[in-house]
A.B. asks: 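Quick one: this structure, given as structure tokens, is what I'll be asking you about.
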Amino acid sequence: MAARTGLPVKTIRYYSDIGLLPMAERSVGGHRRYAPQALERLRLVQRLRALDTPIATITQLATGERTLSDLLVGELDLVQSRLAELRWRQATLQALDNCSRPEQLRRLEVLSRVQRLPEAHKDLSRAWERIIPASVPARLTDAIAAQAVPEPPRDPSPQEVLAYAELHSLTAHPDFLAYWVAPHVRDKASLYSELLDASELAADAVADGLPPRQGNALDHFAQACARAREEQDSPTFRAFMGAEFRGTVPLFRRYWQHVATVTADRRPNLGATHCWLVEGLGVM
């Protein structure tokens, strides 16, 4: 067997001892004897080990717990996962290069939070569960989260990795959380529903690159804000809301710009339309 395969006798003996090779019998002198099928099994083991297949996995093949096709699919998935991790790490290191020392340290802190991709995505999803008020219906929450929680890119650029990391940092900012909580509003479900409708009405104008302007979308937005605060829509109210939003909208805008970078989607997202509407509050 050793001569046929080029494997050391010690290795073949080990494979026999752990049950990978079926031994037919022993000779009178105590030597191990094998059927021709054992040689075929040994060559299969040898080839799988050349692919760095773990012994435990090969044992599952030998015992019939898994088929060769199952093994290959599983190994391919594992390789793809490792390649994705390596591509993410490469982009992370590139994002840390060619920037000033203070910026390098800032990026290092931000990027260190998103190196375990499945966990990082779950963390971002959980952050949005905390951000959106519990009284908002699930369908509206899902509609927002579908855009606000992008999947990490499979083959990211340094800019995409950094943008994805920045999303995590922004969700932890107190002002970002306060922006969504709407503490002065009792009926948050109605407000969120109407704000989503206003954003949809503004989408075409934003996509066409038009500046904020008077119209149905802006009226719908301002009236929704007024109803939520139990006030009347008026130029004075719009000026008041514009001033109130002024401090946190830049934070909000950055988040959704990062979303656009991560998704590489040129269509206006929920944040882009919302910022357009907020800017429109000052248009008379």
Side-chain angles (χ1 to χ4, degrees), residues 52 54 74-133 141-183 206 245-276 278-279:
D52 291 329
E75 288 295 297
L76 183 58
D77 288 343
L78 181 60
V79 169
Q80 294 288 1
S81 177
R82 288 176 178 172
L83 285 175
E85 290 175 3
L86 289 173
R87 286 193 290 264
W88 192 269
R89 179 169 174 77
Q90 179 186 35
T92 296
L93 295 174
Q94 290 172 336
L96 290 168
D97 197 16
N98 295 325
C99 58
S100 67
R101 175 70 172 174
E103 175 62 11
Q104 197 173 52
L105 292 175
R106 188 196 73 81
R107 290 186 182 187
L108 181 60
E109 179 185 0
V110 172
L111 289 163
S112 65
R113 303 174 186 176
V114 295
Q115 294 309 299
R116 297 181 181 273
L117 292 184
E119 290 82 357
H121 185 67
K122 290 176 183 176
D123 287 345
L124 191 59
S125 297
R126 283 191 289 265
W128 276 92
E129 289 174 4
R130 295 191 299 270
I131 287 169
I132 301 175
T141 299
D142 291 344
I144 296 169
Q147 294 190 48
V149 186
E151 292 280 351
R154 296 285 297 176
D155 188 8
S157 67
Q159 294 76 20
E160 289 169 342
V161 167
L162 184 58
Y164 188 75
E166 297 282 9
L167 295 179
H168 289 71
S169 295
L170 288 169
T171 55
H173 197 292
D175 291 343
F176 190 85
L177 177 61
Y179 192 85
W180 287 86
V181 167
V206 176
F245 286 140
R246 191 172 297 121
T248 50
V249 160
L251 192 71
F252 187 88
R253 186 192 304 280
R254 285 205 306 275
Y255 186 92
W256 291 93
Q257 287 173 340
H258 291 319
V259 168
T261 298
V262 171
T263 61
D265 193 346
R266 295 186 177 276
R267 294 173 298 176
N269 58 36
L270 181 61
T273 52
H274 183 77
C275 290
W276 187 92
V278 168
E279 291 173 355

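Computed from a prediction, not measured in an experiment: that's the story for all the values here.
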A.B. asks: Over 60° means perpendicular and under 30° means parallel, so classify the ring planes of Phe176 and Trp128, tilted if in between.
C.D. replies: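 Ring orientation of Trp128 relative to Phe176: perpendicular.
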A.B. asks: Minimum heavy-atom separation for His168 to Ala120, with atom names?
C.D. replies: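 Closest approach of His168 to Ala120, heavy atoms only: NE2-O, 2.9 Å.
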A.B. asks: Between CZ of Arg130 and OG1 of Thr171, what distance do you get to the nearest 0.5 Å?
C.D. replies: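 It is 7.0 Å, given to the nearest 0.5 Å.
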A.B. asks: Is a salt bridge present between Glu160 and Arg154, judged by a nitrogen-to-oxygen distance below 4.0 Å?
C.D. replies: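 Looking at Arg154 together with Glu160, the answer is no, because their closest N to O distance does not fall below 4.0 Å.
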A.B. asks: Quick one: are Asp265 and Pro150 in side-chain contact, heavy atoms under 4.5 Å?
C.D. replies: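 In short, these two side chains do not touch, never coming nearer than 4.5 Å.
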A.B. asks: Quick one: sort the Trp256 and Trp180 rings into parallel, tilted or perpendicular, breaks at 30° and 60°.
C.D. replies: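 Ring orientation, 0 to 90° scale: tilted.
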A.B. asks: Please identify each residue that fulfils side-chain hydrogen bond (donor to acceptor under 3.5 Å, both in side chains) with Asp123, with sequence neighbours left out.
C.D. replies: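 Testing Asp123 for side-chain hydrogen bond (donor to acceptor under 3.5 Å, both in side chains), a comparison that skips the adjacent residues, returns Arg126.
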A.B. asks: How long is the span from the SG atom in Cys275 to the CG atom in Leu270, to the nearest 0.5 Å?
C.D. replies: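 Reported to 0.5 Å precision, the distance equals 9.5 Å.
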A.B. asks: If every non-hydrogen atom of Leu117 is compared with every non-hydrogen atom of Val114, which pair is closest and at what distance?
C.D. replies: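 Of all heavy-atom pairs spanning Leu117 and Val114, the closest is CD2-O, 3.6 Å.
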A.B. asks: Would you call Val110 and Glu166 a side-chain contact if the rule is heavy atoms closer than 4.5 Å?
C.D. replies: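 Yes - at least one pair of side-chain heavy atoms lies under 4.5 Å apart.
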A.B. asks: Do His173 and Tyr255 have ring centres separated by under 6.0 Å?
C.D. replies: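 Ring-ring flag for His173/Tyr255: false, centres at least 6.0 Å apart.
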A.B. asks: Determine yes or no for a side-chain-to-main-chain donor-acceptor pair under 3.5 angstrom, with Gln115 supplying the side chain and Leu111 the backbone.
C.D. replies: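 Yes, the answer is positive, given that a donor and an acceptor are paired below the 3.5 Å cut-off.
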A.B. asks: Testing the basics here: between Pro156 and Ala91, what is the closest heavy-atom pair and its distance to 0.1 Å?
C.D. replies: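 Scanning both residues completely, I find the closest heavy atoms to be O-CB, 3.6 Å.
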A.B. asks: Using a strict cut-off of less than 4.0 Å between a Lys/Arg side-chain nitrogen and an Asp/Glu carboxylate oxygen, indicate whether Arg106 and Glu103 qualify as a salt bridge.
C.D. replies: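 Yes, Arg106 and Glu103 are salt-bridged.
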A.B. asks: So does Cys99 get a backbone contact from the side chain of Gln104, meaning a donor-acceptor N/O pair under 3.5 Å?
C.D. replies: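 Not at all, since once roles are kept as given, no pair shorter than 3.5 Å links the two residues.
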A.B. asks: Go through Phe252 and Asp175 one step at a time and tell me if the side chain to side chain contact (heavy atoms under 4.5 Å, CB included) criterion holds.
C.D. replies: CA-CA 9 Å; Phe252 187 88; Asp175 291 343; over 6 Å; no
A.B. asks: Okay, side chain of Arg107, backbone of Ala95: is any donor-acceptor separation there less than 3.5 Å?
C.D. replies: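 Answer holds: yes.
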A.B. asks: Can you measure from CG (Leu124) to CD (Glu129) and round to the nearest 0.5 angstrom?
C.D. replies: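 Nearest 0.5 Å value for the CG-CD distance: 10.5 Å.
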A.B. asks: Measuring only between side-chain heavy atoms, which start at C-beta, is Pro152 closer than 4.5 Å to Val262?
C.D. replies: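 They are not in side-chain contact.
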A.B. asks: Tell me which pairs pass ring-ring contact (aromatic ring centres under 6.0 Å, His included) where either residue lies in residues 87-126, with sequence neighbours left out.
C.D. replies: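 Qualifying pairs, neighbours excluded: Trp88-Tyr164.
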A.B. asks: Report the distance from atom OG1 of Thr92 to atom CG of Asp97, rounding to the nearest 0.5 Å.
C.D. replies: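 It comes to 12.5 Å.
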A.B. asks: Let me confirm one number: the CG-CG distance from Leu96 to Leu105, rounded to the nearest 0.5 Å.
C.D. replies: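 Rounded to the nearest 0.5 Å, the CG-CG separation comes out at 9.5 Å.
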A.B. asks: First locate atom CD1 of Ile132, then atom CD1 of Ile144, and finally report the distance between them rounded to the nearest 0.5 Å.
C.D. replies: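 Taking CD1 in Ile132 and CD1 in Ile144, the distance rounds to 4.5 Å.
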A.B. asks: When you compare the side chain of His274 with that of Val278, does any pair of heavy atoms fall below 4.5 Å?
C.D. replies: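 Val278 reaches His274 side chain to side chain.
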